[in-house]
Amino acid sequence: MIRVAFLRGMNLGNRRITNAELGEQFERLGFASVATFQAAGNVVFEAGDASEEELVGRIGSGLAAGLGYPVPTVLREAAELRAIAAAEPFEAAVTAVAGKLQVLLLAAAPPASVRNAVLEHAGDEDRLAFGPRELYWLPSGRTTDSDLDLKAIESALGLQTMRTRGTIARLVAKHLPA
């Protein structure tokens with residue numbers, strides 16, 4: 001089965017790893033058909049029928065041992081990523097005048113109470129909508145100019161990592177065509 005690992009905190013600050021080195025780390029962990037995408041910790045690989053929990057543990061402990069620092073990992077299957085790439089969580093009239101659609105890939109689906117609390121942070125400048133294990137964020141401009149309380153959202157949602165929907169769509173087109 002083809003899976004994609006989204007690694008959090010790669011190539012930030014003094015942590016630098018090339019795509020080739022990252023691919024080698026995954027091959028060392030016994031994964032097949034490894035391919036990296038962009039330099040942000042996106043790794044496509046074949047993993048047999050291991051559970052998501054097993055894979056996250058294997059990747060986390062293996063990368064920590066190989067790189068010397070923890071690497072929080074969020075996994076998705078090909079079908080999940082195709083759905084994210086095709087998702088239109090906001091009206092076309094809104095997306096035409098807004099910033100880039102961001103996708104917060106969550107490690108687990110949050111309960112309804114957490115979803116509701118997170119959605120209270122939304123407004124006209126920062127629209128939010130949930131998918132099965134994603135939070136879509138449509139800022140009105142650049143993410144760095146937003147007043148959205150990402151720390152509060154992260155605290156409520158737990159482990160997650162963010163990519164643009166455009167990045168996910170390009171990854172799907174290149175590595176996971178239907």
Side-chain angles (χ1 to χ4, degrees), residues 3-17 19 22 36-44 52 56 59-60 69-178:
R3 306 280 180 107
V4 180
F6 294 94
L7 310 174
R8 183 170 176 165
M10 302 304 293
N11 291 330
L12 295 175
N14 61 358
R15 293 182 182 176
R16 296 287 173 205
I17 185 169
N19 279 339
L22 185 56
T36 56
F37 185 76
Q38 296 184 332
N42 308 308
V43 185
V44 181
E52 184 171 320
V56 167
I59 292 166
Y69 52 86
V71 181
T73 303
V74 175
L75 288 183
R76 289 296 186 272
E77 294 179 9
E80 291 175 293
L81 289 172
R82 288 186 194 106
I84 293 168
E88 295 293 342
F90 304 102
E91 298 173 15
V94 172
T95 60
V97 295
K100 291 182 181 182
L101 180 57
Q102 306 294 317
V103 182
L104 283 78
L105 299 156
L106 312 176
S113 61
V114 171
R115 287 175 182 251
N116 292 337
V118 167
L119 292 175
E120 289 179 9
H121 292 275
D124 290 339
E125 298 295 310
D126 291 290
R127 296 175 188 266
L128 300 173
F130 276 98
R133 292 195 301 159
E134 312 66 59
L135 175 65
Y136 295 98
W137 169 32
L138 185 62
S140 61
R142 297 183 326 182
T143 59
T144 55
D145 294 335
S146 171
D147 290 330
L148 187 66
D149 191 348
L150 288 173
K151 289 186 186 226
I153 290 172
E154 180 178 347
S155 177
L157 294 174
L159 175 60
Q160 42 82 19
T161 189
M162 186 167 48
R163 303 294 189 272
T164 67
R165 192 196 44 194
T167 295
I168 293 172
R170 288 188 302 277
L171 184 151
V172 166
K174 183 173 183 175
H175 295 288
L176 307 170

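Taking the salt bridge (Lys or Arg N to Asp or Glu O under 4.0 Å) definition, one finds that D145 meets it with R142, sequence neighbours left out. Remark: S146 pairs with D126 by the side-chain hydrogen bond (donor to acceptor under 3.5 Å, both in side chains) rule, at least two apart or across chains. Considering only residues two or more places apart in sequence or on other chains, E125 meets the side-chain hydrogen bond (donor to acceptor under 3.5 Å, both in side chains) condition with S140. For E52, the salt bridge (Lys or Arg N to Asp or Glu O under 4.0 Å) criterion is met by R133, not counting sequence neighbours. Looking at residues two or more places apart in sequence or on another chain, you find no side-chain contact (heavy atoms from CB on, under 4.5 Å) involving N116. With sequence neighbours excluded, the residues that form a salt bridge (Lys or Arg N to Asp or Glu O under 4.0 Å) with R76 are E134. Qualifying side-chain hydrogen bond (donor to acceptor under 3.5 Å, both in side chains) partners for E77, counting only residues two or more places apart in sequence or in other chains: none. Contacts of R16 classified as salt bridge (Lys or Arg N to Asp or Glu O under 4.0 Å), with partners at least two apart in sequence or in another chain: none. With sequence neighbours left out, the side-chain contact (heavy atoms from CB on, under 4.5 Å) criterion links A152 to H121, D149. With sequence neighbours excluded, the residues that form a side-chain contact (heavy atoms from CB on, under 4.5 Å) with A169 are A85. When the side-chain contact (heavy atoms from CB on, under 4.5 Å) test is applied to M162, the partners found at least two apart in sequence or on another chain are Q102, L104, W137.
Pairing each heavy atom of A87 with each of Y136, the nearest pair is CB-OH, 3.4 Å. When all heavy atoms are compared, the tightest approach of A109 to R115 is CB-NH2, 4.3 Å. The nearest pair of heavy atoms linking I84 to I168 is CG2-CD1, 3.8 Å. When all heavy atoms of L128 and L119 are compared, the pair lying nearest together is O-CD2, 3.7 Å. Between L159 and P72, the shortest heavy-atom contact is CD1-CB, 3.5 Å. What you find for L7 and I59 is that their closest heavy atoms are CD2-CG2, 4.3 Å.
How far CG of L171 is from CZ of F6: 5.5 Å, rounded to the nearest 0.5 Å. One finds the CG atom of N19 at 8.5 Å from the CG atom of N42 (value rounded to the nearest 0.5 Å). Put simply, CG on L22 and CD1 on I17 are 5.0 Å apart, with the number rounded to the nearest 0.5 Å. We find the CG-CG distance between L81 and L176 to be 6.0 Å, quoted to the nearest 0.5 Å.
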#### Entry: Steps toward side chain to side chain contact (heavy atoms under 4.5 Å, CB included) verdict (F37, V4)
CA-CA 10 Å; F37 185 76; V4 180; over 6 Å; no
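Counting heavy atoms from C-beta outward, L138 and P89 have side chains that stay 4.5 Å or more apart. In this structure, M10 and V71 have side chains that are in contact, with non-hydrogen atoms separated by less than 4.5 Å.
Counting only residues at least two apart or in different chains, salt bridge (charged side-chain N to carboxylate O under 4.0 Å, His left out) contacts with residues 161-174 comprise E88-R165.
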